[in-house]
Each structure stands twice: as structure tokens, then as C-alpha cells.
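Atoms considered below: every heavy atom in the structure, side chains included; atoms not considered: hydrogens, waters and symmetry mates.
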Amino acid sequence: YSDDVFPDIPQGKIGVFVGSHRKWGQKQTDALDRFCATNNAVVFCDHTSAYKGKYRVLYSLVASQDALQVDMNNLDLLIHIGEISGEYGCLRKLTAKNVWRVNEDGEMRDFFRRLEYVFEMPEQVFFEHYAQKGTKAFDEYLLRCQAMYQKLYNAVPELPFSNLWIAKQIAMKLPENSVLHLGILNSLRSWNFFEVPTSVSAYSNVGGFGIDGGVSSLIGASWVDKKRIYFGVFGDLAFFYDMNVLGNRHVGNNVRLLLINNGAGVEFKNYNHLGALFGDEADKYIAAAGHYGNKSRNLVRHYAEDLGFEYLSAGNKDEFLQVYESFLTPAYTPKPILFEIFTDTKDESDALKLIRCQIVNLNPNKKAWEGEIITVWNKYTGTVRKFVPFGEKTVEGYHVPQIIYNVLKERKYLSISTKRDPKTGELTVKTQWVPEFSLTVLPQLTKEQLAELAAAQKASGSIPVSDGFTD
């Protein structure tokens, strides 16, 4: 390739978006790292991207925030490599003035609707060329993306008992050098919010984009290297559709299968899916609820144990915390393990959803209180605890989990008032239970409101200017 056929790389924010990708060699990783180092670029990944270099950014947590618009999402150049991706957050939120596609097949793939050039060449050749053209730059863009991710991660509230909550608990606790297979789509999305150890390889059947064959892929892969532990996380529909593979006599003791059984296709019940508009009717016509024993506590147990699996189960956070370490043990167990988790579709959806509201304390006995720690428990979520401010601090809206909002809405206090009869002078006391809080649910912030809020926060010093909010 001669230099005169390579266009000049533009100035500004540069990102590399990696779809599902084969295993990276060290020379490929080094070439991409050098490109990023000389062009102040970052690599937007999900778990199927396979890239583990310095400039990896697991961006789903940032890109999936419905009400958050940051200038980090707006690039001058986005370089697209890899294949199909299930990282819908990035596909929705990342915008670029121009997109360059790099792939040896030379095919046009314009996912971002901004395709300018197609480079029919190996990725390593492309990145080595442009690394030579750049100069050593400060990793400012990388640091901003990492800081935003950490800021949002730290702000994640206590989640209901769900695939999301489980991913947050154990993603970084997977044994070193293990392999992770994720089902389409709720499992992939949930786990893309949280990092796994660098030595863990992750895969998902994004090429098919459905429930076909995920468990079979896990079992087949586990035969390739008996010295590694293979974990799989699948919803109930994907599991039952592909459960026959567990009867294969070659299934080894290096298999650990996590089954999230919510009794339906939760993807179609999530608050941000069109299927949710149909309410309970979605169960009958869209979400395929009620099949396969309708969350039977015995069906999978008997099936797994009869096929020689060790069976574990949990129906709430406390039960999960009692047994999950046995599932994650890096030691090889005598049998493969199937860990069945019983969740609720509503809790799965609520884990993705927060309520933005104004909270006014009406209880005079708490007049001096700036806020209160609210603690909730139910069999699905376990214990959820969050500090909730009152009054002025919620004027712009404060986000609370649905489960805590429900408690605030129901809370009452005993109001005691007295009245003296002007004629007799007799004093009467009146008591009644009245709402403790006045709650006003607010709509999600618009882009303009977010910009105004960000400007006000910068001016007050409540957030650093370098956080990347739109000016």
C-alpha cells in the first residue's frame, strides 16, 4: 500500500468501534495501542470485541443512559472494525462526522450511516500506517471516558434481584483464564455494563441474534480446552430451546451454566421495549411466558441432576450470596454445575429503570432532616438501601429506583392537631394518617435541559469541566 492512497486522518475526537472479533494477536493489539497513543483515540468495546489493550473502553454503561448526552459520544472520526455487534448502546448513541470501515473483505457495512471510506486491508496494516503519521499525545479522551464510566458505576443504585444485579456481583470474580458465553440478548446487555478480568475471554452468538444454539456453543467450546472453565449465562427461553445438548455424554466438569429463569422472554417485557406497551398481554402473544414448567422449582433440578450435573438455585439475593462461591470456584469440581436463578420479569425491567422525581417531606417531625436512608426488602430484590434527599436538592429531579419510589408513595405519618372550641374552651385532639411525602414524577430530561444543568453544575463547581458534558 502506498502512502498516497491513504487519506489524512482528521483532527478531533477519534474512536475505534469493535464489533464481535476473533482473538487478537499481540502484534495486532500493539498496533492498535500505538495508533491510539499517537492519535488520542479510544477503543469502544463490548465483551465480544476481544480487545484487551490499554485503550479498551467498555462504554455500554455510559451509552445506555437514556437521559445523558455527553460530548464524548460525538466523534470526528469513528473507525469501524469487527463484525456484528450486540452493543446497542454504542450503536444508538455514538455519532461521527465520518466513519471508516476497515476489513479484509472490503464489503460496505454502514451501521452508523456516515461511511466515507472502506479500507480493504488487514487491521494491523491500517493501524501501523496511521500510528507512524501521528505524534505522541496525552490520553485525554481515554481518561475522560474512563472517568465517566467510573462516575456512573459508582452511582449505580441498589438493583433488584436480576441478571443485572448478578452481573454486578460476580463479573469481576470470574476465575482467571476462564471463558464466558453470554446469551442473546438480556444476558449480553446486562453483562456488558460490567468488566470481567482481563484474562477472561467472552463470546456471544451475535451472528444469529436469537435463542438458537448458545448453550450448544458453550458445550462445544468447552471441549476445545479442558484446562479452562467455561461459564455460560442464559435466559430460560434460550436454555430450554437448546437444553438437549446437556444430555451429550461428553459434557465435562469444566462447564458452569447460569440459568436466569424469569418465566418469559424478558427482553419483550423491559420498560424500553415496544412489547411492554401491551402489559400482561405481552406474556401471551409476544414474550412466550408460561412455557417449560412456568418457573417450576423442580423441572430443571431433576433434569440436571439426572444428567450428572451438580444443581444450585437461588430465588433472592440472600440465597444467591450463600451459594455463588461454589459456582465460581476456580477448582475443578467432580461434576459440571448448573445454577438456576429465579427472577421476575418486572424486577428485570425495573433494574434498568429509575424514577426521576421531586421529593418534599411533609412530616413536621422531620423538618430539620436533609434526607433519609430508605431500606426495602422483598423476596426478589433482597435488601435495597439508598439515601434519599428532600426538598431543594430534588428540585431538578432526583433518580430513585422504582422499588424505593413505591415505598415513598405509600409512607404515611400520624398527624396530630388540636382545636379549642371558642365558646366552651374545650380542647379536642384530631389524629389521622396522612402521606409523609409529596412526590412529583418528572419526565426524563431533554438534551437542552441536560445542557443547562451541566452548565450550572460546571459554574458551581459541582462537577469538573473535563467530565465531558455538552456545553
Side-chain angles (χ1 to χ4, degrees), residues 158-171 173-175 178 180-183 186-187 190-191 211 214-215 218-219 222 229-247 251-266 269 288-351 377-384:
E158 183 66 26
L159 299 169
F161 188 54
S162 58
N163 209 336
L164 266 172
W165 182 86
I166 292 165
K168 188 173 187 291
Q169 300 303 308
I170 68 174
K173 297 177 181 178
L174 293 173
S178 58
L180 175 65
H181 282 245
L182 297 166
N186 192 47
S187 295
S190 297
W191 285 69
I211 59 177
V215 182
L218 166 70
I219 299 303
S222 72
I229 297 175
Y230 285 74
F231 290 88
V233 184
F234 299 94
D236 51 291
L237 291 188
F239 171 81
F240 285 115
Y241 190 83
D242 201 16
M243 64 191 296
N244 62 308
V245 73
L246 300 187
V251 175
N253 64 344
N254 62 334
V255 171
R256 312 277 175 86
L257 202 158
L258 184 65
L259 166 58
I260 309 296
N261 192 346
N262 45 54
V266 71
K269 302 292 293 294
H291 299 298
Y292 302 111
N294 196 24
K295 295 171 66 173
S296 165
R297 292 299 179 115
N298 296 312
L299 177 62
V300 175
R301 173 192 291 274
H302 291 315
Y303 183 77
E305 291 180 342
D306 289 350
L307 290 175
F309 282 73
E310 179 183 351
Y311 177 85
L312 306 172
S313 70
N316 57 51
K317 292 180 179 180
D318 293 335
E319 292 177 0
F320 177 87
L321 294 174
Q322 290 172 13
V323 298
Y324 82 92
E325 290 181 347
S326 298
F327 181 73
L328 295 180
T329 177
Y332 288 92
T333 55
K335 302 177 179 180
I337 301 175
L338 194 154
F339 189 5
E340 185 173 18
I341 307 294
F342 295 94
T343 67
D344 183 84
T345 55
K346 184 177 183 300
D347 289 314
E348 291 282 0
S349 176
D350 287 349
W377 183 94
N378 67 34
K379 67 178 181 178
Y380 297 113
T381 66
T383 300
V384 178

Chemist: Would you check, one step at a time, whether the test side-chain contact (heavy atoms from CB on, under 4.5 Å) holds for Y230 with L257?
Modeler: CA-CA 8 Å; Y230 285 74; L257 202 158; over 6 Å; no

Chemist: Quick one: closest heavy-atom pair of A167 and S190, and the distance?
Modeler: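 Shortest heavy-atom separation between A167 and S190 comes out as CB-O, 4.0 Å.
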
Chemist: Show me the donor-acceptor pairs within less than 3.5 Å that the side chains of residues 303-314 make with the rest of the protein, sequence neighbours left out.
Modeler:
{"unit_1": "Y303", "atom_1": "OH", "unit_2": "M243", "atom_2": "O", "d": "2.9"}
{"unit_1": "Y311", "atom_1": "OH", "unit_2": "E340", "atom_2": "OE1", "d": "2.5"}

Chemist: How many angstroms lie between atom CG of L321 and atom CG of N316, to the nearest 0.5 angstrom?
Modeler: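 It comes to 9.0 Å.
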
Chemist: Give me the atom names and distance for the closest heavy-atom approach of G183 to F234.
Modeler: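 Closest pair (atom of G183, atom of F234, distance): CA-CD2, 3.6 Å.
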
Chemist: Please round to the nearest 0.5 Å and tell me the distance separating atom CG of L182 and atom OG of S187.
Modeler: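 Output value for this atom pair is 6.5 Å.
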
Chemist: After noting the C-alpha distance and the side-chain angles of L180 and L174, does the key distance pass the side-chain contact (heavy atoms from CB on, under 4.5 Å) rule?
Modeler: CA-CA 9 Å; L180 175 65; L174 293 173; 4.1 Å; yes

Chemist: Measuring only between side-chain heavy atoms, which start at C-beta, is W165 closer than 4.5 Å to K317?
Modeler: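 When only atoms from C-beta onward are counted, K317 and W165 do touch, with a gap below 4.5 Å.
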
Chemist: Taking the six-membered ring where the residue is Trp, are the ring centres of F327 and F231 under 6.0 Å apart?
Modeler: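 Yes, the ring of F327 comes within the 6.0 Å limit of the ring of F231, centre to centre.
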
Chemist: Check the side chains of T333 and N253 for a donor-acceptor pair under 3.5 angstrom, ignoring hydrogens and angles.
Modeler: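 The criterion, which ignores hydrogens and geometry beyond distance, is not satisfied for T333 and N253.
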
Chemist: Less than 4.5 Å apart, any side-chain heavy atom of F339 and any of V323?
Modeler: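 With C-beta onward as the side chain, the pair touches.
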
Chemist: Does any non-hydrogen side-chain atom of I341 lie less than 4.5 Å from one of I166?
Modeler: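 Yes. Closest side-chain heavy atoms under 4.5 Å.
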
Chemist: Would you compute the distance between atom OG of S162 and atom CG of N262 and round it to the nearest 0.5 angstrom?
Modeler: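 Here the interatomic distance stands at 10.0 Å.
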
Chemist: Less than 4.5 Å apart, any side-chain heavy atom of L246 and any of F239?
Modeler: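 They are in contact (side-chain heavy atoms under 4.5 Å apart), so the answer is yes.
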
Chemist: List the atom of L328, the atom of K173, and the distance in Å for their closest heavy-atom pair.
Modeler: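 Distance-wise, the nearest heavy atoms are CD1-CB, 3.8 Å.
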
Chemist: Find out whether F240 and D236 are in side-chain contact, i.e. whether some heavy atom of one side chain is under 4.5 Å from a heavy atom of the other.
Modeler: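 Yes, side chains in contact.
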
Chemist: Could you point out which residue of V233, V215, V300 forms a side chain to side chain contact (heavy atoms under 4.5 Å, CB included) with L259?
Modeler: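 Of all the options given, the one that passes is V300.
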
Chemist: Would you give the length of the straight line joining atom CG of N261 to atom CG of L237, rounded to the nearest 0.5 angstrom?
Modeler: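 If we round to the nearest 0.5 Å, N261:CG and L237:CG are 9.0 Å apart.
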
Chemist: Taking only residues two or more places apart in sequence, or in another chain, which ones meet S222 in a side-chain hydrogen bond (donor to acceptor under 3.5 Å, both in side chains)?
Modeler: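 Testing S222 for side-chain hydrogen bond (donor to acceptor under 3.5 Å, both in side chains), a comparison that skips the adjacent residues, returns none.
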
Chemist: Given side-chain contact (heavy atoms from CB on, under 4.5 Å), test F320 with I170 step by step and report yes or no.
Modeler: CA-CA 11 Å; F320 177 87; I170 68 174; 3.8 Å; yes

Chemist: Does the side chain of I229 come within less than 4.5 Å of Y332's, by heavy atoms?
Modeler: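 A side-chain contact exists here, since the closest heavy-atom pair is under 4.5 Å.
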
